[in-house]
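Below is one structure, written out as structure tokens; the observations come after it.
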Amino acid sequence: MATHKIEAIVIGVSQGGLDALNILLPLLPNDFDKPIMIVQHRSADSDGYLSEHLNLISQVHVKEAEDKEVIQPGTVYIAPADYHLLVEKNASLSLSCDERVNYTRPSVDVLFESAADCYGNTLLGIILTGNNSDGARGLKTIKDAGGMTAIQDPLEAIVPSMPNAAKDITHIDHCLTLQNLGEFLANLPS
């Protein structure tokens with residue numbers, strides 16, 4: 001259990017992500033008070049379907065992140081297709097067209113590392129299903145900053161490469177099924 005308060009959550013997910021987020025986000029109660037920033041790998045020409053769909057099935061507000069937007073509690077921000085999503089020191093979001101990282105844009109590592117700079121030991125980083133190692137280095141950065149780390153149980157993940165890569169390079173505080181992860185998030189102290 002956390003020895004300190006969690007103020008924000010970042011999630012990285014790739015292949016199998018829609019299925020995972022379809023299970024996880026609806027488990028959050030409508031009074032969930034933490035912001036969540038999500039990088040889901042998808043093609044550069046993807047439209048806003050992901051955030052619109054997840055908003056329809058979730059009790060929390062889900063939206064596509066906008067440049068210079070101030071992070072609000074209880075809101076889930078999805079990185080737009082083909083943009084890196086970063087957290088600024090003043091707890092606002094920024095979008096970047098910088099080079100791909102780990103062959104992807106948006107990159108989980110870029111989000112996680114920038115969020116760790118902002119939130120330090122009050123950040124929770126989570127890696128879900130996905131095929132590559134994006135997010136592993138970022139999750140280690142969160143852990144090194146004193147934050148909390150979690151992965152989807154690789155045995156449950158549609159593609160276990162991302163959670164396994166994270167587990168291989170840093171200490172993971174929680175390895176949970178999506179159902180248990182949802183319950184864990186819903187019960188984080190306010």
Side-chain angles (χ1 to χ4, degrees), residues 6 8-28 34-44 46 49-51 53-54 58 62 64-65 76-87 95-96 98-117 119 123-145 147-185:
I6 298 299
I9 299 159
V10 287
I11 298 175
V13 61
S14 186
Q15 191 174 347
L18 180 59
D19 292 338
L21 294 172
N22 274 337
I23 293 168
L24 182 61
L25 292 183
L27 295 172
L28 302 177
K34 316 226 180 297
I36 300 177
M37 285 70 72
I38 299 176
V39 162
Q40 157 76 65
H41 294 159
R42 52 196 171 136
S43 66
S46 293
Y49 170 80
L50 180 66
S51 53
H53 166 74
L54 292 170
S58 302
V62 182
E64 199 160 274
V76 178
Y77 300 94
I78 309 282
D82 208 29
Y83 286 93
H84 291 305
L85 176 62
L86 296 94
V87 176
L95 303 178
S96 160
D98 286 348
E99 291 297 312
R100 294 172 180 270
V101 175
N102 299 315
Y103 310 103
T104 64
R105 187 177 56 227
S107 162
V108 178
D109 280 336
V110 169
L111 171 62
F112 281 21
E113 290 166 3
S114 66
D117 284 345
Y119 290 104
L123 183 65
L124 167 59
I126 302 170
I127 298 283
L128 304 178
T129 179
N131 186 21
N132 69 24
S133 63
D134 189 25
R137 190 181 74 221
L139 206 64
K140 183 177 186 321
T141 300
I142 291 170
K143 189 66 186 172
D144 291 348
M148 189 185 300
T149 58
I151 59 171
Q152 180 182 4
D153 186 336
L155 297 176
E156 179 196 61
I158 293 172
V159 181
S161 304
M162 280 173 56
N164 278 330
K167 188 174 62 167
D168 288 346
I169 72 162
T170 195
H171 173 76
I172 302 299
D173 297 305
H174 303 280
C175 176
L176 301 167
T177 65
L178 292 171
Q179 186 72 39
N180 290 341
L181 188 55
E183 292 167 12
F184 172 74
L185 292 176

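Just so we're clear, the structure is a prediction, and the values are computed from it rather than from any experiment. The figures here come from the full heavy-atom set of this structure, side chains too, leaving out hydrogens, waters and symmetry mates.
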Taking only residues two or more places apart in sequence, or in another chain, which ones meet Lys143 in a salt bridge (charged side-chain N to carboxylate O under 4.0 Å, His left out)? Asp173

If the condition is salt bridge (charged side-chain N to carboxylate O under 4.0 Å, His left out), which residues does Lys140 pass it with, not counting sequence neighbours? Asp144

Are Val39 and Thr104 close enough that some pair of their side-chain heavy atoms sits under 4.5 Å apart? no

Check: Val110 and Leu85 side chains under 4.5 Å, non-hydrogen atoms: no

Using a 4.5 Å cut-off on heavy atoms from C-beta on, say whether the side chain of Val108 contacts that of Met162. yes

So, using salt bridge (charged side-chain N to carboxylate O under 4.0 Å, His left out) as the criterion, who are the partners of Glu156 when residues are at least two apart? none

Sequence neighbours left out, what pairs pass salt bridge (Lys or Arg N to Asp or Glu O under 4.0 Å) with at least one residue falling in residues 11-22? none

Report yes or no: do His84 and Ser96 form a side-chain donor-acceptor pair below 3.5 Å? no

Who pairs with Arg42 by side-chain contact (heavy atoms from CB on, under 4.5 Å), at least two apart in sequence or on another chain? Gln40, Ser46, Leu50, Glu64, Ile78, Ala81

Leu28 side chain reached by Ile36 side chain, heavy atoms, under 4.5 Å: yes

Please output the side-chain donor-acceptor pairs of residues 126-133 that fall under 3.5 Å, not counting sequence neighbours, one pair per line with the distance.
| unit_1 | atom_1 | unit_2 | atom_2 | d |
| --- | --- | --- | --- | --- |
| Thr129 | OG1 | Gln15 | O | 2.8 |
| Thr129 | OG1 | Ile158 | N | 3.4 |
| Thr129 | OG1 | Val159 | N | 2.9 |
| Thr129 | OG1 | Val159 | O | 3.2 |
| Asn131 | OD1 | Ser161 | OG | 3.4 |
| Asn132 | OD1 | Asp134 | N | 2.7 |

Indicate yes or no: at least one non-hydrogen side-chain atom of Lys167 is less than 4.5 angstrom from one of Cys175. no

If we count only N and O atoms by modelled type, under 3.5 Å, do the side chains of Asn22 and His53 hold a donor and an acceptor together? yes

